[in-house]
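Below is one structure, written out as structure tokens; the observations come after it.
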Amino acid sequence: MCGALRASDAGKKVILMGWVNRRRDLGALIFVDVRDRSGVTQVVFSGERNSAVHEKAELLRNEFVIAVIGTVKLRDADTINKNIPTGEIELVADELRILNEAKHPPFLPSDTSLANEEMRLKYRYIDLRRDAMQFNIELRHKVALAIRDYLASQGFFEIETPFMTRSTPEGARDYLVPSRVQPGAFYALPQSPQLFKQILMISGFDKYFQIVRCFRDEDLRADRQPEFTQIDLEMSYPQPERVWETVEGFLTAAFKAAGHDIKTPFTRMDFDDAIRQYGIDKPDLRLPAFTEVRDCFSPADLEQLAINKDLPVIAVRMPGVGELSRKERDDLKPMFISKGGARIFEDFKRIENKFAEAGAKIRQKSGAGPDDLIVLVVGSAQSGKDDHPAQKRKVTPAELAIYASAGLMRVALGQKYAAKHGLFKRGDFRFLWVTNFPMFEYDEGDKRWVAAHHPFTSPHDEDMDKLESDPAMVRALAYDVVLNGTELGSGSIRIHRQDIQRKIFHALGMTEEEAKSRFGFFLEALEYGTPPHGGIALGLDRIVMILAGADSLREVIPFPKTAAAKDLMVDAPTPVTDAQLRDLGIAVAKKP
RNA sequence: GGGGACGUAGUUCAGUUGGUUAGAACGCUGCCCUGUCACGGCAGAGGCCGCGGGUUCGAGUCCCGUCGUCCCCGCCA
């Protein structure tokens, strides 16, 4: 391989095959860097030594595929290249074969500046030749392999489940596959193998895993692709802690494979605490938690500032970021997303000038040094009263609006300033289990309760009696694993009793008939001796993205989709022929 | 569905207040060069300024629309 040869190989006769990475033509002496996925080696073509081969080497151009036979030569001390691992040697060519020529590529793998994404995705095969992409894809392979090895060593079986399955119109939108033999009927691509893995528990495969593609027809983000890979697992008879240990085990192996040692067990945090301290259910622990500073203001202060005295007053602190300039503060305002009338005070200096005592107290309580940035998020004076169905929760909807707004501000500030001020250090991995999620969320549009995780999640034993009477207060045996503000995975202990599963469907507003038509097969399966079981699924792409230090999943997925869910290389999706549609019994209402 | 950014040579970008022939770097082509390694030197080719309208004596530059890529909100059990 092109990255393999070392000083100890000097004198050997070898053959190297690869791409022309760069050529340096000095006349009677031509240097060519040959590249494959392992690295580059300098090949020397000398006119003096072999004029026929040298003449052929003059034809070489970027990205030609060549084979070179030659002798490994130790370089003279003054010509050693310390920048590459093979820099102590070079290959003196005796024979050259051009295996294939190449058109001038739109961009070169060796280019120092990166082509734009449109170009990279259209010519993905060239983009993938770049060192960075080769590294990321290798990393992905190593991580997946380490996870497989670990889970297999713990007695898990990898078992495949169908891609062509049935639509369950709850949650994300399904990708549909029309059936030819059953015109008008559709398969759905799985959003997750959820019910199949639960049925595998009923089938006696008590430890299952699968590194599996999942599909969701929703709009994309930098960290969301319509098809993505999950590390999906399920086990019988577990306490949540057993699932967590398993995840901590395979993540330790995966991060080790990427060269990082991580500490287990991970921090654990109640959902309510996450909201109150970070305003989000996936807190980034690299940045400090909120400080509640309402009591730092006198009632008169609150009135004068038109701050709601019944709602939290949140100080968001960014260490070392310092006072913002006027322009920076102006830039901040559009970044603030107000939920439920929350307000922002981005100019803390002004608070300190006008309300010196409160300002000092806030600095002290939040532990803010003189170099720290403080932004306050408060409720407006008129907000606060509501009769929301979730009013009785520990964190009421009105409070949640303040926390959530502050949480979004905290994340936005982190993204904008923390990297610049060294708060995000490479290799700083803050894992976290968020637990005790509420079972239900209230859908304001549909005016009904929906499952916060999914409808197969078991409620807490002690909350079972509140399913009908007080759904807002029911906690779920659900847990998320979070890393540096990214949700890596989500899981739960499942319902294994048919009567409870029925109750949940009912609480979600499903009639008996609906439940039966959508999930009848599953309710029936539950009746045939279902062991207690639970599991989790983690996003492989996101794990690799974080390990690669990338900002987008596209950097770790070989053939990703654009924001409009298109594949620019193969140009998908496309219209299909009328004959195909006829076969499927489908008519397209609006042709492009 | 909504908001924002961007679109100029093969590529990455610059292009002033609307004003003469649209520039640079890399890449490409040719010539020169025996120790380069982001080689160097000389010469050269390469432009529907995304597309369509409009304003103007005059548009890469201003306006409207449209397409594409990216980021975000909604959405993502």
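What you see is a predicted model; the values in this text were computed from it and never measured. Chain letters run A, B, ... following the sequence lines, proteins first and then strands; every chain starts at 1. Just so it is clear, the values below take in all heavy atoms, side chains as well, and ignore hydrogens, waters and symmetry mates.
- Between B/U69 and B/C62, the two P atoms lie 24 Å apart (nearest whole Å).
- For the C1' atom pair drawn from B/G60 and B/G23, the interatomic distance equals 12 Å after rounding to whole Å.
- We find the OG1-CG distance between A/T486 and A/D223 to be 6.5 Å, quoted to the nearest 0.5 Å.
- A donor-acceptor contact under 3.5 Å is formed by the side chain of A/R75 with the base of B/C37.
- Residues A/L189 and A/D174 fail the side-chain proximity criterion, which asks for heavy atoms closer than 4.5 Å.
- Rounded to a whole Å, the CD atom of A/Q42 is 10 Å from the P atom of B/A38.
- Using atom P as the reference point in both B/C72 and B/G40, the two lie 39 Å apart (nearest Å).
- Set against B/G35, B/C76, B/C71, the side chain of A/S552 has B/C71 as its closest nucleotide.
- Residue A/K82 is out of contact with every strand shown, counting any heavy-atom pair closer than 4.0 Å.
- Between A/D78 atom CG and B/U36 atom P the separation is 8 Å, expressed in whole Å.
- In the region residues 221-235 of chain A, proximity to RNA chain B at under 4.0 angstrom, judged on heavy atoms, holds for A/R221, A/A222, A/R224.
- Taking only side-chain atoms of A/L29, from C-beta outward, the nucleotide of B/U11, B/A38, B/U34 with the closest atom is B/U34.
- Proximity note for A/R22 (side chain, C-beta onward) versus B/C70, B/G27, B/C73: the nearest is B/G27.
- Among the heavy atoms of the strands lying under 4.0 Å from A/E90 is at least one base atom, whether or not backbone atoms are also near.
- With a cut-off of 3.5 Å on both pairing distances, B/G47 has no Watson-Crick or G-U wobble partner at all.
- Among the nucleotides B/U12, B/G35, B/C70, the one closest to any side-chain atom of A/T79 is B/G35.
- We find that CD of A/E117 is positioned 11 Å from P of B/U69, with the value rounded to whole Å.
- Shown are A/E234, A/Q501, A/Q198; of these, the side-chain hydrogen bond (donor to acceptor under 3.5 Å, both in side chains) with A/R494 is made only by A/E234.
- Using a 4.0 Å heavy-atom cutoff across all strands shown, A/P106 reaches sugar-phosphate atoms only and no base atom.
- Here B/G40 sits opposite B/C32 as a Watson-Crick or G-U wobble pair (both hydrogen-bonding atom distances under 3.5 Å).
- The nearest heavy atom of RNA chain B to A/D33 and to A/R61 marks one nucleotide each, and the one closer to the 5' end goes with A/R61.
- By the side-chain contact (heavy atoms from CB on, under 4.5 Å) test, A/V34 pairs with A/C2, A/V43, A/I66, sequence neighbours left out.
- Contacts of A/L508 with the nucleic acid, taken as non-hydrogen atoms under 4.0 Å apart, are absent.
- Using the Watson-Crick or G-U wobble rule with both distances under 3.5 Å, B/U12 pairs with B/A24.
- Across all strands, A/I30 comes closer than 4.0 Å to no nucleic acid atom at all (heavy-atom distances).
- Within 4.0 Å of A/R120, counting heavy atoms only, lies no atom of the nucleic acid at all.
- Residue contacts for A/S110: at a heavy-atom cut-off of 4.0 Å it reaches no nucleic acid atom on any strand shown.
- A distance of about 39 Å separates the P atoms of B/C76 and B/A14, rounded to the whole Å.
- When heavy atoms are screened at a 4.0 angstrom cut-off, A/R49 is found touching no nucleic acid atom at all.
- Using a cutoff of 4.0 Å between basic side-chain nitrogens and carboxylate oxygens, A/D111 and A/R130 are not scored as salt-bridged.
- Comparing the P positions of B/G50 and B/U16 gives an interatomic distance of 14 Å, to the nearest angstrom.
- Residue A/E118 is in sugar-phosphate contact alone, with no base atom involved, counting any heavy-atom pair closer than 4.0 Å across all strands shown.
- Between the P atom of B/U69 and the NZ atom of A/K122 lies a distance of 12 Å, rounded to the nearest Å.
- Atom CD in A/E218 sits about 6 Å away from atom P in B/C76, given to the nearest Å.
- OP1 or OP2 of B/U36 has not a single side-chain nitrogen or oxygen of A/R24 nearer than 4.0 Å.
- A/K103 has no side-chain polar atom (N or O) that falls below the 4.0 Å cut-off from OP1 or OP2 of B/C28.
- Look at A/D219 and A/R224 and you find no salt bridge, because none of the NZ, NE, NH1 or NH2 atoms lies under 4.0 Å from a carboxylate O.
- Under the 4.0 Å criterion applied to side-chain N and carboxylate O atoms, A/R124 and A/D127 are assigned as salt-bridge partners.
- Across all strands, A/E48 comes closer than 4.0 Å to base atoms (heavy-atom distances).
- Rounded to an integer number of Å, the gap from OH of A/Y123 to P of B/G10 is 11 Å.
- A gap of 10 Å separates the C1' atoms of B/C49 and B/G7, to the nearest Å.
- Listed candidates were B/C28, B/U34, B/G35. Nearest to the side chain of A/A28 is B/U34.
- Within 3.5 Å, no donor on the side chain of A/N62 pairs with an acceptor on the base of B/G27, nor the reverse.
- Rounded to a whole angstrom, the distance from the C1' atom of B/U20 to that of B/U12 is 28 Å.
- Straight-line distance from the CG atom of A/N21 to the C1' atom of B/U36: 15 Å, rounded to whole Å.
- For A/F64, the CZ atom counts as densely surrounded, since its 6.0 Å shell holds more than 12 non-hydrogen atoms of other residues, nucleotides or ligands.
- The base-pairing partner of B/U56, taking Watson-Crick or G-U wobble contacts with both distances under 3.5 Å, does not exist among the strands shown.
- Toward the 5′ end of RNA chain B lies the nearest nucleotide of A/M119, the other residue of the pair A/K561 and A/M119 mapping further downstream.
- Residue A/N116 is classed as a sugar-phosphate contact, given heavy-atom separations below 4.0 Å to backbone atoms only.
- Taking 4.0 Å as the cut-off between side-chain N and carboxylate O, A/R23 and A/D25 do not count as a salt-bridged pair.
- A/F31 places its CZ atom 8 Å from the P atom of B/G35, with the value rounded to the nearest Å.
- Using a 4.0 Å heavy-atom cutoff across all strands shown, A/T562 reaches sugar-phosphate atoms only and no base atom.
- Checked for salt-bridge contact, A/E487 and A/K282 miss the test: no charged N lies under 4.0 Å from a carboxylate O.
- Comparing B/C71, B/G35, B/C73 by their closest approach to the side chain of A/I337 singles out B/C73.
- Of the listed nucleotides (B/A38, B/C39, B/C71), B/A38 has the atom at the smallest distance from the side chain of A/N83.
- Rounded to the nearest Å, the gap between the P atom of B/G15 and that of B/U8 is 14 Å.
- In this structure, a donor-acceptor pair under 3.5 Å is present between the side chains of A/Y208 and A/D232.
- A salt bridge links A/E117 and A/R554; the closest N-O separation between the charged side-chain nitrogens and carboxylate oxygens is under 4.0 Å.
- Searching all strands for a Watson-Crick or G-U wobble partner of B/U69 with both distances below 3.5 Å returns B/A5.
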